[in-house]
Number of protein chains: 2
Amino acid sequence: MDQATAEERLLDAADTLFYERGVQAVGMDAIRQASGVSLKRAYQLFPSKEHLVEAVLRRRDRAVLAGLQAYTSARATPAARILAVFDYLDDWFRQPDFRGCAFINSYAELGGVSEGVAALVRGHKRAFTAHLAALVAAAGEPPALADQLAILANGAMVTAAVTGSPEPARQAADVARRLLEPAQGVT
Amino acid sequence: MDQATAEERLLDAADTLFYERGVQAVGMDAIRQASGVSLKRAYQLFPSKEHLVEAVLRRRDRAVLAGLQAYTSARATPAARILAVFDYLDDWFRQPDFRGCAFINSYAELGGVSEGVAALVRGHKRAFTAHLAALVAAAGEPPALADQLAILANGAMVTAAVTGSPEPARQAADVARRLLEPAQGVT
DNA sequence: CAGTCGGGAGAACGATCGTTCTCCGGCTGC
DNA sequence: GCAGCCGGAGAACGATCGTTCTCCCGACTG
C-alpha cells in the first residue's frame, strides 16, 4: 500500500468513526483497525490525533462545498439555485447514517478546548455562508438574505439530527420560499 | 454542608465546566475542586458521571424553559410573545460565556454513544418546540409555523456560537417577522 | 466524657488513551 | 543469494480517567 492510499484510508476511517461516535470516543486503535493502516504509518502521516482530526475536517470542508456547488449549479434560475440548497439538505438528512453536521458537532465537542478545530469550523461556516451570499447576489436579492438562509440551514441540520427526521429540510425550504417572495412592509 | 446544598454546588460546578469545555474534557476531580464537594459525597449523590451529566441536563431543561416562559409571558400581544423568543436569544447570546446550546452541544458530543443523553436532548427540544407551538396557536397562526420557528431558533443558537456574534438573534427575528406577515401566494 | 459514626482528603486501582518502541518478516539492490 | 532496510503487529509506557478505599478527624449520643 503506497503512502497516498494509506492516507486516504486513514482519513476515510477516521471521518466515519468520528462522525458516528464523536472524536474523543474514538481511539487511535479503532482507527487503525478500521483503516488497516498500522499505527506506525499513521503517526508518520499525521504526527498526532489532533493533526488527523484537522485533516479530516479540511477534507470534509472541501467535499461538502463541492457537493453543494454541484447541487446548486445544476439548477436553471437563480431562485432555484437558492432553493436547491434545501434539496441538498433533504438528500443528506435521508442518509441512514446522518448524525448532524460534522463541523457543528466538532465545534460542540472540541471548540472549547482546541483552537485549531474552532478555527476550521468557523472557516467552514464562513465559506458555506459565502456560497449562499454568491447565490443571493446572483438572484438580485438583498445581501442580508444570505445570513438568514445560513441560519435556516444550520437550524435544519441540528433539528434533523436531534429529532432524527428529514422534515426540517422541507420546513426550512418553506421559509426560504417565503423569504424569496417580494417583501410586504416596505414598498 | 447539608445534602441539598452539596447537590446544588455539584450541579452548579458540573454545569459550568461541562458547558465551558465539554463533558468528556472535564474530569470528576475538576468538579470536586470547583464545587468543594468531596468525591465520596459526590458519588453517593450521583452514582456515576453519567448520572451527574443527566441531572445537569434535567436541571438546565427546567431552567431554560422557565426563563423562556418568563420572557414570553411578559409581552402583551400573541405576536409579541412569539418575537420575544428571539429577544430571549439575543440576551443569551450576549452573555460573555455563551458557547451555544448545552443540549445541542451534549447531543453532538454524546448523542452517538449515550442513549440517555440523546433522549434528554430530544425531550428538551420537543418541549421547546411545544412552547413555541402554544404561542403560535394562541396567535391564531398555522401550526406549521412552530417547527419553522424552532429551526430558526436552533439555527441562531449554533450560528451565534460558531461565529461568536449575537447577530443571528436579530437576523432570525427578522425572518420570524416575515413569517408573521400574512402569506402572499395563497389567498 | 467515651465510643461510634459520618464525612473529608487524597491515595490507590483498573481501564483506557495517545504515543513510542521492539521485534520480526519480507522485499530490494548488488 | 544475501545484506540491509522498510513496514506491520503488537507490547510497552506514561498520563489521565472514573471509581473505590483507607485513614483520620470531628461531632453527636448515652
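Numbers restart at 1 for each chain; the letters A, B, ... are given by sequence-line order, proteins then strands.
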Enquirer: Which heavy atom in B:Ile31 sits nearest to a heavy atom in B:Ala13, and how many Å separate them?
Expert: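 Looks like O-CB, 4.2 Å.
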
Enquirer: Just call it for A:Gln3: base, sugar-phosphate, or nothing, with non-hydrogen atoms closer than 4.0 Å on any strand.
Expert: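 No contact.
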
Enquirer: Is the shortest side-chain N to carboxylate O distance from B:Arg59 to B:Glu7 below 4.0 Å?
Expert: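 Salt bridge between B:Arg59 and B:Glu7, a charged N being under 4.0 Å from a carboxylate O: no.
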
Enquirer: Check this for me: does any side-chain nitrogen of one of A:Asp29 and A:Arg32 sit under 4.0 Å from a carboxylate oxygen of the other?
Expert: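 A:Arg32 and A:Asp29: salt-bridged.
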
Enquirer: To the nearest Å, give me how far apart CG (A:Leu45) and C1' (D:dG8) are.
Expert: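 Those two atoms, CG and C1', are 14 Å apart.
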
Enquirer: Taking only heavy atoms on the protein side, list every residue of residues 108-121 of chain A lying under 4.0 Å from any atom of DNA chain D, sorted numerically.
Expert: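 When residues 108-121 of chain A is checked for heavy atoms under 4.0 Å from DNA chain D, there are no hits whatsoever.
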
Enquirer: Rounding to an integer number of Å, can you tell me how far A:Asp2 CG sits from D:dC6 C1'?
Expert: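 Rounded to the whole Å, the gap is 15 Å.
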
Enquirer: Which letter, B, S or -, goes with each nucleotide of nucleotides 13-22 of chain C from 5' to 3', with contact meaning a protein heavy atom under 4.0 Å?
Expert: -----SBB-B

Enquirer: Could you check whether any side-chain heavy atom of A:Tyr107 comes within less than 4.5 Å of a side-chain heavy atom of A:Val117, counting everything from C-beta outward?
Expert: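 The answer is no, as the side chains (C-beta and beyond) never meet within the 4.5 Å cut-off.
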
Enquirer: Please determine if A:Arg170 and A:Asp90 form a salt bridge, counting it only when a charged side-chain N lies under 4.0 Å from a carboxylate O.
Expert: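 A salt bridge is absent here (no side-chain N lies under 4.0 Å from a carboxylate O).
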
Enquirer: Considering residues at least two apart in sequence or located in another chain, which fulfil the ring pair (Phe, Tyr, Trp, His ring centres under 6.0 Å) criterion with A:Tyr19?
Expert: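 Once residues adjacent in sequence are excluded, A:Tyr19 has no partner under the ring pair (Phe, Tyr, Trp, His ring centres under 6.0 Å) criterion.
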
Enquirer: Is it true that B:Arg9 and B:Asp12 have a side-chain N and a carboxylate O under 4.0 angstrom from each other?
Expert: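 Judged by the 4.0 Å cut-off on N to carboxylate O distance, B:Arg9 and B:Asp12 do not form a salt bridge.
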
Enquirer: What is the distance, rounded to the nearest whole Å, between atom CD of B:Gln44 and atom P of C:dG6?
Expert: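 Going from B:Gln44 (CD) to C:dG6 (P), I get 10 Å.
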
Enquirer: Taking atom P of D:dC6 as reference, at what distance in whole Å does atom CZ of A:Arg41 sit?
Expert: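 For the pair A:Arg41 CZ and D:dC6 P, the rounded distance is 13 Å.
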
Enquirer: Kindly give the heavy-atom pair with the smallest separation between B:Arg81 and B:Thr72, and that separation in Å.
Expert: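 Answer, listing the atom of B:Arg81 first, then B:Thr72: CG-O, 2.8 Å.
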
